[in-house]
Protein chains: 2
Amino acid sequence: MTDTFVSNPSFFKLDATLKRIRNYWQKTFDAHKKDITVDQWLLIENLYKHKKITHNELARVTSKDITTVSRIIELLVKKELVVREGSPQDRRKVFLQLTAKGSEKYKDVRPLVLEMRKTGWAGLTENDYADLTRILDVIYNNIP
Amino acid sequence: MTDTFVSNPSFFKLDATLKRIRNYWQKTFDAHKKDITVDQWLLIENLYKHKKITHNELARVTSKDITTVSRIIELLVKKELVVREGSPQDRRKVFLQLTAKGSEKYKDVRPLVLEMRKTGWAGLTENDYADLTRILDVIYNNIP
DNA sequence: TACTATTAGTTGCTAAAGCAACTATTGCTA
DNA sequence: TAGCAATAGTTGCTTTAGCAACTAATAGTA
């Protein structure tokens with residue numbers, strides 16, 4: 001652990017922790033040749049969960065900018081993991097769905113993710129989880 | 001608060017919270033015409049603290065990639081907030097220092113940052129801070 | 001001393017974040 | 001119904017993240 005890590009305020013600590021997690025996830029994906037990034041995984045996970053959803057909705061549930069979602073989806077479409085399908089009711093809307101290949105990818109990567117979550121959470125309790133959740137929620141909601 | 005925020009695991013929650021903080025900081029900087037990004041601020045803060053430091057060291061204390069530091073410093077040099085100064089002892093090394101303008105920028109922005117930290121932490125206790133610190137440290141160190 | 005390994009830093013690349021400006025469509029209202 | 005506002009999505013731009021490959025310099029070793 002770096003010296004700064006123990007002596008600095010929460011923004012920095014959050015940032016450092018998140019980067020470390022993200023890095024670990026990415027390296028694990030790469031080591032298992034999953035051919036996917038961490039954020040691509042997050043979108044796949046949500047597409048699996050929500051089945052059929054627009055860019056806008058997907059951006060909302062992932063806390064991502066719609067432009068970011070639009071471009072990540074572009075990559076997933078190129079990889080044939082996602083299909084776009086225009087809505088006949090509202091021609092502005094585009095529904096997103098996992099392809100069969102996309103669902104397979106989800107099921108293939110999912111165990112790795114569960115394993116990594118367990119690793120990160122080792123030595124912590126249910127209470128810690130509740131505390132972390134509560135504290136982050138308060139901070140989140142404190143921000144105007 | 002979005003519905004996902006309350007029901008999802010820690011990685012997502014950390015990411016969402018951090019993005020929200022970062023966004024708030026950036027908007028505040030912009031609103032006060034500080035002409036600076038959040039990460040540029042983090043480097044300035046550390047340059048102010050460490051006085052004279054190499055790219056490598058700065059990367060270490062900020063948990064940033066050295067390439068990222070190199071490029072952010074590039075921008076700060078262009079803005080005349082930082083100077084690079086080659087080491088005569090080891091000609092591979094380059095020392096970084098705030099200029100007078102850089103120190104002024106630090107003192108100018110600092111109060112805003114303190115204010116924002118207070119805002120984010122509202123309604124939480126010293127104990128919460130200790131818990132957050134402890135939990136994030138454990139997660140950080142759990143990661144191989 | 002010559003050769004090799006290590007270290008400091010930069011550059012090129014791809015991905016993600018977020019703002020602004022844009023197109024296309026739909027909804028609202030005078 | 002015509003005109004304007006709002007909504008969905010894309011594209012352009014700048015910034016940050018991090019890997020790989022590179023140059024230059026120093027350190028270590030046969």
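So you know, we letter chains A, B, ... as the sequences are listed, proteins then strands, and number each from 1. Reckoned from all heavy atoms, side chains included, excluding hydrogens, waters and symmetry mates. These figures come from a predicted structure and were not determined experimentally.
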Exercise. Taking NZ from A:Lys93 and P from C:dG27, how many angstroms apart are they, rounded to a whole number?
Worked result: 9 Å
Exercise. What is the distance, rounded to the nearest whole Å, between atom CG of B:Asp15 and atom C1' of C:dG18?
Worked result: 14 Å
For this session: Could you state the atom-to-atom distance from CD1 of A:Ile44 to P of C:dA16 in whole Å?
Result: 11 Å
Seminar exercise, completed: First and last nt of DNA chain D near chain A, cut-off under 4.0 Å to heavy atoms, 5' to 3', are D:dA6 to D:dC19
Problem set entry | Over 12 non-hydrogen atoms of neighbours within 6.0 angstrom of NZ in A:Lys93 | no
Exercise. If each of A:Phe95 and A:Asp30 is mapped to the nucleotide of DNA chain D with the nearest heavy atom, which maps nearer the 5' terminus, i.e. the 5' end?
Worked result: A:Phe95
Exercise. Is there a side-chain contact between B:Arg22 and A:Phe11, using heavy atoms and a 4.5 Å cut-off?
Worked result: yes
Exercise. Would you say a side-chain N or O of B:Asn56 is under 4.0 Å from OP1 or OP2 of C:dT7?
Worked result: no
Exercise. Would you say C:dG9 has OP1 or OP2 under 4.0 Å from some side-chain N or O of B:Arg92?
Worked result: no
For this session: Start with the C-alpha gap between B:Thr67 and B:Asp65, add the side-chain angles, then the distance that decides, and say whether side-chain hydrogen bond (donor to acceptor under 3.5 Å, both in side chains) holds.
Result: CA-CA 5 Å; B:Thr67 61; B:Asp65 197 276; 2.6 Å; yes
Exercise. What nucleic acid atoms does B:Thr67 come within less than 4.0 Å of, heavy atoms only: base, sugar-phosphate, or nothing?
Worked result: base
For this session: Could you say whether A:Pro88 or B:Glu57 is positioned toward the 5' end of DNA chain C, judged by the nucleotide with the nearest heavy atom to each?
Result: B:Glu57
Problem set entry | Separation of atom CZ in B:Arg60 from atom P in C:dA8, rounded to whole Å | 11 Å
For this session: Specify the separation, in whole Å, of atom CG of A:Asp39 and atom C1' of C:dA15.
Result: 8 Å
Problem set entry | Atom pair distance, as rounded to whole Å: CH2 in A:Trp41 and C1' in C:dA15 | 19 Å
For this session: For A:Ser70, report the nucleic acid contact type (base, sugar-phosphate, nothing); a contact means any heavy atom under 4.0 Å.
Result: sugar-phosphate
Exercise. Whole-Å distance between C:dT25 C1' and A:Gln89 CD?
Worked result: 14 Å
For this session: Name the residue closer to the 5' end of DNA chain D, choosing between A:His55 and A:Asn23 according to the nucleotide with the nearest heavy atom.
Result: A:His55
Exercise. Between A:Glu45 and A:Arg117, is there a salt bridge with N-O shorter than 4.0 Å?
Worked result: yes
For this session: Quickly work out the A:Leu43 CG to C:dA16 P distance and round it to whole Å.
Result: 8 Å
Exercise. Reckon A:Gln40 has a side-chain N or O less than 4.0 Å from the OP1 or OP2 of C:dA16?
Worked result: yes
Exercise. Which of residues 71-78 of chain A have a heavy atom under 4.0 Å from DNA chain D?
Worked result: A:Arg71
